[in-house]
2 protein chains.
Amino acid sequence: MRLNEKTKALMANKLSAAGLRVTQARLALAHLLFGQGDRHVTADALREEALAAGLKISQATVYNTLNQFHAAGLLRQVQVDQARSYFDTNIDTHHHFYVEDEARLIDIAAQEVDVTRLPDSPKGYDVDRVEVIIRLDKSPKA
Amino acid sequence: MRLNEKTKALMANKLSAAGLRVTQARLALAHLLFGQGDRHVTADALREEALAAGLKISQATVYNTLNQFHAAGLLRQVQVDQARSYFDTNIDTHHHFYVEDEARLIDIAAQEVDVTRLPDSPKGYDVDRVEVIIRLDKSPKA
DNA sequence: CAAATGTATTAGAATGATTCTAAAGTGAAT
DNA sequence: ATTCACTTTAGAATCATTCTAATACATTTG
Ligand SMILES: [Mn+2]
Ligand SMILES: [Mn+2]
Ligand SMILES: [Zn+2]
Ligand SMILES: [Zn+2]
């Protein structure tokens, strides 16, 4: 069993476990998304990666798949930029730096941030998630 | 001097202080934006408010004005929803609850949240702003 | 105050990300 | 192999936002 096949098996498993049918498009995109370390991708960036890898996948499928993976809990959606959505392969609780100039997200492990006090939620609402976003500027030249 | 005129004078002052020319459209929108307490508005919501108030203001002007006010530091832009931008009339440091189901932002005063530890910024970058967003769900029925 | 000048405003077109449609393809079950 | 539900797709549609280039307005100048 080649390495590639091994990864495919892992991905197939991941999809099944998430209640998603194992299809070629999903396998291929899962491979791109989850085969490397944690990543933050836009739909378009993933599309280009897929094309560069010689995959024949439509834009609609990229969007469908990202949305399905998100709905299935395999991806988290991060909203920091007015223009695009980012999909985050790291679904554990964590936070982000966002470099506006470069439209780039950087993970911050949960234990790197201490939020030691939060207000009570309004009556009738529960906390779904606490996000800390640290927006970064380039340092001025010395 | 009527109350309306008094507010207008204040708004004119605010615009001038921000280096913006005092024009009818800007005065009218500033009046809607800053005449009441702190608010979070979308471009479209402001447009509708303007129309309901009998103002004759184009969509382009609403967008132009919001962007100019933002650039001038009179508004803060809040990015919590994939679909739309929110403009926040509260430019002091503060945080937000976001009720996804209702697409509604609620202010959290800075002193209601304690962020007691943050990671160092990557080399070459400085912190522009730390945002805490608490996403809320409706509580399940008892 | 009237003309001149630089901004502002506007209708409508353009853009770009995302979603939708409805037709053809594929996976799983029989 | 046949069926049936689900998936993929090209292209159209949608929607927020931006752009264009023409007209209106605010401010300065004479
Ligand atoms: Mn939830
Ligand atoms: Mn800055
Ligand atoms: Zn992340
Ligand atoms: Zn606010």
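The figures that follow rest on heavy atoms only: side chains count, while hydrogens, waters and symmetry mates do not. Here is how names work: the chains are called A, B, and so on, in the same order as the sequence lines, proteins then strands, and each is numbered from 1.
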To the nearest Å, how far apart are [X] [atom1] and [N] [atom2]?
X     : N      : atom1 : atom2 : value
B/K56 : C/dA8  : NZ    : C1'   : 15 Å
B/L51 : C/dT9  : CG    : P     : 16 Å
B/R47 : D/dC15 : CZ    : P     : 16 Å
B/L46 : D/dT17 : CG    : C1'   : 15 Å
A/Q59 : C/dT19 : CD    : P     : 11 Å
A/Q79 : D/dA16 : CD    : C1'   : 13 Å
B/I57 : D/dT23 : CD1   : C1'   : 17 Å
B/R84 : D/dT14 : CZ    : P     : 18 Å

Okay, side chain of A/D81, backbone of A/A83: is any donor-acceptor separation there less than 3.5 Å?
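Yes: the side chain of A/D81 pairs with the backbone of A/A83.
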Sidechain N-carboxylate O distance under 4.0 Å for A/R135, B/D128
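No, A/R135 and B/D128 are not salt-bridged.
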Specify the residues of residues 68-75 of chain A, ordered by number, for which at least one heavy atom lies under 4.0 angstrom from an atom of DNA chain D.
none
Relative to the ring of B/Y98, is the ring of B/Y86 parallel (under 30°), tilted (30 to 60°) or perpendicular (over 60°)?
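If you compare the ring of B/Y86 with that of B/Y98, the planes turn out perpendicular.
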May I ask you to check whether over 12 heavy atoms, not counting those of A/D120, lie within 6.0 Å of atom CG?
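Atom CG in A/D120 is not crowded, with 12 or fewer foreign heavy atoms closer than 6.0 Å.
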How far apart are the closest heavy atoms of [X] and [Y], and which atoms are they?
X      : Y      : value
A/L33  : A/R39  : O-CD, 3.6 Å
B/L136 : A/P122 : CD1-CD, 3.5 Å
A/L66  : A/L46  : CD2-CD2, 3.8 Å

Whether [X] contacts [N] is assessed here as follows: a side-chain N or O lying under 4.0 Å from the phosphate OP1 or OP2. Is that the case?
X     : N      : result
B/Y63 : D/dT18 : no
A/R26 : D/dT7  : yes
B/T61 : C/dT10 : yes
B/S85 : D/dT17 : yes
B/N67 : D/dT17 : no

So, applying side-chain hydrogen bond (donor to acceptor under 3.5 Å, both in side chains) with B/D88, which one of B/Q77, B/H94, B/H70 is it?
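Single side-chain hydrogen bond (donor to acceptor under 3.5 Å, both in side chains) partner of B/D88 among B/Q77, B/H94, B/H70: B/H94.
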Could you verify whether a donor N or O on one side chain and an acceptor N or O on the other, from B/H40 and B/N90, lie under 3.5 Å apart?
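Absent: no donor and acceptor within the cut-off.
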Indicate, with a heavy-atom threshold strictly under 4.0 Å, whether B/A25 touches base, sugar-phosphate, or nothing.
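Counting heavy atoms under 4.0 Å across all strands, the contact made by B/A25 is with sugar-phosphate only.
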Each nucleotide of nucleotides 22-30 of chain C classed B (base within 4.0 Å of a protein heavy atom), S (only sugar-phosphate) or -, in 5' to 3' order, makes -----SS--
